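Before anything else, here's the structure in question.
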Amino acid sequence: MLTTINFRANRITACPGNLSFFARLMRANALLRQRAALRRLDDAALDDIGLSRTEALREAQRPIWDAPESWIK
């Protein structure tokens, strides 16, 4: 499973207006799964991607509406 997480994203408050409710729900579900996967990474895997445990946990604990900016493009 490949998990992509954007750690440099700024906060956003909403998804783009042209997405359907289902598309927004799917994105929210994907974000929850990605953050759960990040939370499960061991220290060696975190070191491989250049993150500390603190940075990973901070990202994993962000609220669902605080999605990566790249999602609104």
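Please read all numbers here as calculations on a predicted model, not as lab measurements.
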Original post:
If every non-hydrogen atom of Gly50 is compared with every non-hydrogen atom of Glu55, which pair is closest and at what distance?
Top reply: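 Minimum heavy-atom contact is O-OE1, 4.1 Å.
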Subject >> Pairwise distance CZ(Arg53) to CZ(Arg58) - rounded to 0.5 angstrom >> reply: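 Arg53 atom CZ to Arg58 atom CZ measures 13.0 Å (nearest 0.5 Å).
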Subject >> With sequence neighbours excluded, residues passing side-chain hydrogen bond (donor to acceptor under 3.5 Å, both in side chains) with Asp47 >> reply: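 Once residues adjacent in sequence are excluded, Asp47 has no partner under the side-chain hydrogen bond (donor to acceptor under 3.5 Å, both in side chains) criterion.
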Subject >> Gap separating the CD atom of Glu59 from the CG atom of Asp66, nearest 0.5 angstrom >> reply: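 These two atoms lie 7.5 Å from each other.
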Original post:
side chain to side chain contact (heavy atoms under 4.5 Å, CB included) with Asp42: which residues, sequence neighbours excluded?
Top reply: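 Scan of Asp42 (side chain to side chain contact (heavy atoms under 4.5 Å, CB included), adjacent residues dropped) gives Ala44, Ala45.
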Subject >> Minimal non-hydrogen separation, Ile49 against Leu38, with atom names >> reply: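 Heavy atoms only, the tightest pair is CD1-CD1, 4.5 Å.
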Original post:
With side chains defined as the heavy atoms from C-beta onward, is the minimum distance between Asp48 and Leu41 less than 4.5 Å?
Top reply: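 They are not in contact (no side-chain heavy atoms under 4.5 Å apart), so the answer is no.
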**OP:** Check whether any side-chain N or O of Arg35 sits under 3.5 Å from a backbone N or O of Ala56 as a donor-acceptor pair, and report yes or no.
**Re:**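 Between the backbone of Ala56 and the side chain of Arg35 there is no qualifying donor-acceptor contact (under 3.5 Å).
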Original post:
Leu25: what forms a side chain to side chain contact (heavy atoms under 4.5 Å, CB included) with it, not counting sequence neighbours?
Top reply: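 Once residues adjacent in sequence are excluded, the partners of Leu25 under the side chain to side chain contact (heavy atoms under 4.5 Å, CB included) criterion are Phe21.
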**OP:** Would you please name every residue forming a side-chain hydrogen bond (donor to acceptor under 3.5 Å, both in side chains) with Arg39, sequence neighbours left out?
**Re:**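 Result, side-chain hydrogen bond (donor to acceptor under 3.5 Å, both in side chains) vs Arg39: none returned.
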**OP:** Check side chain to side chain contact (heavy atoms under 4.5 Å, CB included) between Phe22 and all other residues, then give those that pass, not counting sequence neighbours.
**Re:**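 Side chain to side chain contact (heavy atoms under 4.5 Å, CB included) check on Phe22 returns Ser20, Met26.
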Original post:
Quick one: hydrophobic cluster around Leu57, which other residues, with the 4.5 Å side-chain cut-off, linked directly or via members?
Top reply: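 Answer for Leu57: none, a lone residue.
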